[in-house]
Asker: 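Sharing a structure here in structure tokens format.
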Amino acid sequence: MQLNGKTAIVTGASKGIGKAITLALLDKGVNVAGWSRSNPNINHPSFSFIQTDIRKSEQVDAAFEKTMKLFGSQIHILVNNAGLGIFSKLEETPDESWHTMFDTNVHGLFYCTRKVIPVMKEQQRGHLINISSIAGLTGIEEASGYCATKFAVRGISQSLFKEVRKNNIKVTCICPGSVNTDFFENVEDITANETMLHPKDIAASVVHILETPDNYVTVEVELRPINPRYS
């Protein structure tokens with residue numbers, strides 16, 4: 001896809017991977033609507049921040065309407081990046097933590113994607129990128145809730161790929177390993193550091209995947225740091 005002049009929605013655009021993806025798309029001439037709860041303070045003529053809690057379907061509906069008014073009737077790219085992890089033994093996990101992860105990582109993705117698909121079907125073109133995790137490929141101790149949500153992201157992605165490919169809509173699921181962000185602030189025994197992947201690495205992969213030829217789609221990709229240090 002030629003990216004210049006296209007329109008994208010990026011969820012969780014305020015920091016980390018989401019902000020890096022937003023900046024990379026802006027560098028490619030993409031008009032970007034950043035949906036997140038806090039403002040990323042990106043000063044760019046092609047960027048619009050739309051305050052959104054994707055856990056709430058009515059806020060997603062409102063953000064969608066604002067995006068359409070700002071950028072017109074076409075949406076070419078949706079990056080479902082917003083997500084979080086809360087870690088504990090399963091039997092010690094509070095209801096609130098479990099529901100918060102599913103509401104953000106799974107239900108939020110659902111609310112955003114179902115708004116965009118009809119637009120992409122009408123224009124017979126689009127690319128949906130879902131950010132899963134290595135935790136969506138294998139179980140991790142004291143991360144059963146987070147793993148469950150990221151396995152769900154992969155399952156949704158695989159099913160959706162088959163549903164919309166006939167409409168020339170691409171679906172890609174990206175599974176990064178450890179990334180040097182504030183994700184690990186509440187994880188015992190792991191400190192984010194320079195040996196991990198960097199948000200700009202994920203952003204570069206997203207751009208590469210989006211720029212593939214029209215008849216070519218990367219369905220799933222696993223990204224890993226070569227030799228990470230975790231303490």
Side-chain angles (χ1 to χ4, degrees), residues 7-26 30-71 75 77-88 93-117 119 128-133 135-136 143 145-150 152-153 156-157 173-174 176 178-187 192 198-200 202-203 206:
T7 297
I9 296 168
V10 179
T11 70
S14 63
K15 57 185 178 180
I17 294 172
K19 187 171 184 178
I21 291 172
T22 297
L23 293 172
L25 293 177
L26 290 170
V30 179
N31 301 306
V32 181
W35 294 7
S36 54
R37 289 184 294 169
S38 56
N39 193 327
N41 296 316
I42 295 173
N43 184 17
H44 193 286
S46 297
F47 176 75
S48 291
F49 166 63
I50 301 175
Q51 188 171 36
T52 316
D53 184 346
I54 65 164
R55 297 175 296 181
K56 304 181 185 302
S57 61
E58 65 274 12
Q59 290 196 27
V60 170
D61 291 346
F64 177 78
E65 294 303 322
K66 289 179 183 177
T67 300
M68 296 294 278
K69 288 179 181 178
L70 284 168
F71 294 123
I75 297 172
I77 301 160
L78 169 63
V79 182
N80 284 306
N81 162 76
L84 55 85
I86 303 170
F87 301 93
S88 63
T93 302
D95 290 357
E96 182 181 0
S97 296
W98 187 272
H99 293 156
T100 296
M101 284 187 285
F102 271 89
D103 286 343
T104 305
N105 301 357
V106 182
H107 303 154
L109 180 149
F110 164 66
Y111 298 146
C112 296
T113 304
R114 72 174 176 181
K115 295 298 294 186
V116 168
I117 285 176
V119 176
L128 304 165
I129 293 193
N130 297 328
I131 306 297
S132 181
S133 169
Y146 182 64
C147 289
T149 65
K150 291 304 184 177
V153 170
I156 292 168
S157 301
C173 185
I174 298 178
S178 54
V179 184
N180 187 6
T181 68
D182 62 5
F183 180 85
F184 294 101
E185 284 184 354
N186 298 315
V187 182
H198 291 260
K200 65 181 181 180
I202 313 302
V206 168

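Predicted model only: the values in this text are computed from it and were never measured.
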Asker: What is the minimum heavy-atom distance between Cys173 and Val153, and which atoms define it?
Answerer: SG-CG1, 4.3 Å

Asker: Just by distance, do the side chain of Lys150 and the backbone of Ile131 share a donor-acceptor pair under 3.5 Å?
Answerer: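 Yes, Lys150 side chain to Ile131 backbone: donor-acceptor pair under 3.5 Å.
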
Asker: Tell me if a side-chain donor or acceptor on His44 pairs with a main-chain N or O of Ser46 at a distance below 3.5 Å.
Answerer: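 Such a contact is found between His44 side chain and Ser46 backbone.
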
Asker: Can you name the side-chain hydrogen bond (donor to acceptor under 3.5 Å, both in side chains) partners of His99, sequence neighbours left out?
Answerer: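 Checked His99 against side-chain hydrogen bond (donor to acceptor under 3.5 Å, both in side chains); zero matches.
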
Asker: Distance-only, no hydrogens or angles: does the Thr22 side chain make a donor-acceptor pair with backbone N or O of Ala20 under 3.5 Å?
Answerer: no

Asker: Would you say Ser97's side chain and Thr93's backbone share a donor-acceptor pair under 3.5 angstrom?
Answerer: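 The answer is no, because no donor-acceptor pair under 3.5 Å joins these two groups.
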
Asker: Compare all side-chain heavy atoms of Leu25 with those of Val10 and state whether any distance is below 4.5 angstrom.
Answerer: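 SC-SC contact between Leu25 and Val10 confirmed.
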
Asker: With sequence neighbours left out, what residues match Thr7 under side-chain hydrogen bond (donor to acceptor under 3.5 Å, both in side chains)?
Answerer: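 Once residues adjacent in sequence are excluded, Thr7 has no partner under the side-chain hydrogen bond (donor to acceptor under 3.5 Å, both in side chains) criterion.
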
Asker: Using the side-chain hydrogen bond (donor to acceptor under 3.5 Å, both in side chains) criterion, which residues pair with Ser48? Sequence neighbours excluded.
Answerer: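 Testing Ser48 for side-chain hydrogen bond (donor to acceptor under 3.5 Å, both in side chains), a comparison that skips the adjacent residues, returns none.
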
Asker: Is there a donor-acceptor pair under 3.5 Å between the side chain of Thr11 and the backbone N or O of Asn81?
Answerer: yes

Asker: Let me check something: any side-chain donor-acceptor pairs from residues 56-68 under 3.5 Å, sequence neighbours excluded? List them with distances.
Answerer:
{"from": "Gln59", "atom 1": "OE1", "to": "Asp53", "atom 2": "N", "distance (Å)": "2.8"}
{"from": "Thr67", "atom 1": "OG1", "to": "Trp35", "atom 2": "NE1", "distance (Å)": "3.1"}
{"from": "Thr67", "atom 1": "OG1", "to": "Ala63", "atom 2": "O", "distance (Å)": "2.8"}

Asker: Is the backbone N or O of Leu84 less than 3.5 Å from a side-chain atom of Asn105, with the two atoms forming a donor-acceptor pair by type?
Answerer: yes

Asker: Do side-chain atoms of Thr149 reach the backbone of Val106 as a donor and acceptor pair under 3.5 angstrom?
Answerer: no

Asker: Passes side chain to side chain contact (heavy atoms under 4.5 Å, CB included), Thr113 versus Leu78? Steps please.
Answerer: CA-CA 8 Å; Thr113 304; Leu78 169 63; 3.9 Å; yes

Asker: Between NZ of Lys200 and CG of Asn180, what distance do you get to the nearest 0.5 Å?
Answerer: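 Result: 11.0 Å between the selected atoms.
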
Asker: Not counting sequence neighbours, which residues clear side-chain hydrogen bond (donor to acceptor under 3.5 Å, both in side chains) with Ser14? List them please.
Answerer: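 Partners of Ser14 by the side-chain hydrogen bond (donor to acceptor under 3.5 Å, both in side chains) criterion, ordered by chain and then number, come out as Ser38.
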
Asker: Rounded to the nearest 0.5 Å, what separates atom SG in Cys112 from atom NE2 in His107?
Answerer: 13.0 Å

Asker: Show the nearest heavy-atom pair for residues Ser36 and Ala13, with the distance to one decimal.
Answerer: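 Here Ser36 and Ala13 meet closest at CB-N, 3.6 Å.
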
Asker: Would you say that Ile9 contacts Ile50 through its side chain, given a criterion of any heavy-atom pair below 4.5 Å between the two side chains?
Answerer: no

Asker: About how many Å separate CD1 of Ile42 and CG of Leu23, when rounded to the nearest 0.5 Å?
Answerer: 4.5 Å

Asker: If you round to the nearest 0.5 Å, how far is CG of Leu26 from CG of Asn43?
Answerer: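 Those atoms lie 10.5 Å apart.
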
Asker: Taking all heavy atoms of Pro176 and all of Ser132, pick out the closest pair and write down the distance.
Answerer: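 Pro176 and Ser132 have their closest heavy atoms at CD-O, 3.5 Å.
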
Asker: At their closest point, which heavy atom of Pro199 faces which heavy atom of Val179, and how far apart are they?
Answerer: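 Result for this residue pair: N-CG1, 3.8 Å.
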
Asker: Name all residues meeting the ring pair (Phe, Tyr, Trp, His ring centres under 6.0 Å) criterion together with Phe102; count only those two or more places apart in sequence or in a different chain, and write none if there are none.
Answerer: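 Phe102 satisfies ring pair (Phe, Tyr, Trp, His ring centres under 6.0 Å) with Trp98 only.
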
Asker: Looking at CD1 of Ile54 and CG of Asn80, how far apart are the two atoms once the value is rounded to the nearest 0.5 Å?
Answerer: 7.0 Å

Asker: So, taking the atom named CG in Leu128 and the one named CD1 in Ile75, what distance separates them when rounded to the nearest 0.5 Å?
Answerer: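 Result: 10.5 Å between the selected atoms.
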
Asker: Give the minimum heavy-atom separation between Arg55 and Arg37, together with the two atoms involved.
Answerer: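 Where Arg55 meets Arg37 most closely, the heavy atoms are NH2-NH1, 3.1 Å.
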
